[in-house]
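Computed over heavy atoms, backbone and side chain alike; hydrogens, waters and symmetry mates excluded.
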Amino acid sequence: MVGVVLCGGQSTRMASDKGLLTTKENRWAQIAADKLKTLGVPIAISINKSQVRDYSSIFPGKQLVIDNEGLTINGPLRGLLSVHLQFPGEDLMTLACDMPLMETDLLIKLTEQSYKNFSANSFVYTHDGEPEPLCGIYRSQGLDHIMNLYRSNQLPKFSMKYVLEQINTYNIVIPENKKQCFQNFNTHADLKGL
């Protein structure tokens, strides 16, 4: 398994790169990477081409996975499939850089479920029946299936929620006392709660 920090978004609502924002601890991208590292997995930092210079000063170049130019996809799916193309036989655990409140026990629970349920191709938490796809595990077979759908023009939508509907997904309900861990910080107004 490879831990993937998703940093390649445009951050337009925040008006600055969210992965480079800092809290008392560190930059958000580094915080996410450190949480994934506790699982004992190698880390990949998913970025777009415009971010190479900034992220090269923080992470070793071998950890950076730049969005594949051949994928005509936008959003997190482009990052996820770009990492899949670089590590085709590996399952991927994703964590978006703009979820700095995520707790490692929730990541551990995801990995435990993936070891118990061999028929599922992805593992995500849900809130009110809606998936939280940016913190999840995606098995390589499921990503192969999505890639095949894309290549054969049978993937009409690129949203992560739509992707989860195309593969066998194991859902875990977010415990009531852990809902804040899944908060995405997208605007400066959101930062007041941090």
Compare all side-chain heavy atoms of [X] with those of [Y] and state whether any distance is below 4.5 angstrom.
{"X": "M93", "Y": "T111", "value": "yes"}
{"X": "F87", "Y": "V65", "value": "yes"}
{"X": "K179", "Y": "E132", "value": "no"}
{"X": "Y138", "Y": "V124", "value": "yes"}
{"X": "T23", "Y": "I31", "value": "yes"}
{"X": "L6", "Y": "D98", "value": "no"}

Checking the side chain of [X] only, and the main-chain atoms of [Y] only, is there a donor and an acceptor separated by less than 3.5 Å?
{"X": "Q63", "Y": "I45", "answer": "no"}
{"X": "T94", "Y": "V4", "answer": "no"}
{"X": "S56", "Y": "D54", "answer": "no"}
{"X": "T126", "Y": "P131", "answer": "no"}
{"X": "Y150", "Y": "T72", "answer": "yes"}
{"X": "K49", "Y": "I66", "answer": "no"}

Ignoring hydrogens and angles, state whether a donor on the side chain of [X] or [Y] is under 3.5 Å from an acceptor on the partner side chain.
{"X": "T38", "Y": "T104", "value": "no"}
{"X": "N121", "Y": "N168", "value": "no"}
{"X": "Y55", "Y": "D17", "value": "yes"}

With rounding to the nearest 0.5 angstrom, report the [atom1] to [atom2] distance, [X] to [Y].
{"X": "L80", "Y": "L85", "atom1": "CG", "atom2": "CG", "value": "10.0 Å"}
{"X": "I108", "Y": "E103", "atom1": "CD1", "atom2": "CD", "value": "11.0 Å"}
{"X": "Y125", "Y": "N171", "atom1": "OH", "atom2": "CG", "value": "11.5 Å"}

Sequence neighbours left out, cut at 3.5 Å: what donor-acceptor pairs do the side chains of residues 155-166 make with other protein atoms?
from	atom 1	to	atom 2	distance (Å)
S159	OG	Y162	N	3.0
K161	NZ	E130	OE1	3.3
Q166	NE2	Y162	O	3.2

Can you check side-chain contact (heavy atoms from CB on, under 4.5 Å) on L134 and F182, steps first, answer last?
CA-CA 9 Å; L134 302 185; F182 292 83; over 6 Å; no
Can you give me the closest heavy-atom contact between [X] and [Y], atom names plus distance?
{"X": "K35", "Y": "L101", "answer": "NZ-C, 4.1 Å"}
{"X": "I47", "Y": "C7", "answer": "CG2-CB, 4.1 Å"}
{"X": "D67", "Y": "S46", "answer": "OD1-OG, 4.1 Å"}
{"X": "Q30", "Y": "N26", "answer": "CG-ND2, 3.3 Å"}
{"X": "L20", "Y": "R27", "answer": "O-NH1, 3.2 Å"}
{"X": "M102", "Y": "L95", "answer": "CG-CD1, 3.8 Å"}

What's the verdict on side-chain contact (heavy atoms from CB on, under 4.5 Å) for L107 and D105, showing C-alpha distance, side-chain angles and the deciding distance?
CA-CA 5 Å; L107 303 177; D105 64 313; over 6 Å; no
Pick one: which of L92, L36, I43, D91 meets side chain to side chain contact (heavy atoms under 4.5 Å, CB included) with V2?
L92
Using distance only, find each side-chain donor-acceptor pair of residues 139-149 under 3.5 Å and give its atom names and separation, not counting sequence neighbours.
from	atom 1	to	atom 2	distance (Å)
R139	NH1	N117	O	3.0
R139	NH1	A120	O	2.5
R139	NH2	S114	O	2.3
R139	NH2	N117	O	3.3
D144	OD1	H84	NE2	2.8
N148	ND2	D144	O	3.3

Show your working on side-chain contact (heavy atoms from CB on, under 4.5 Å) between M99 and C135 and close with a plain yes or no.
CA-CA 9 Å; M99 298 173 79; C135 174; 4.2 Å; yes
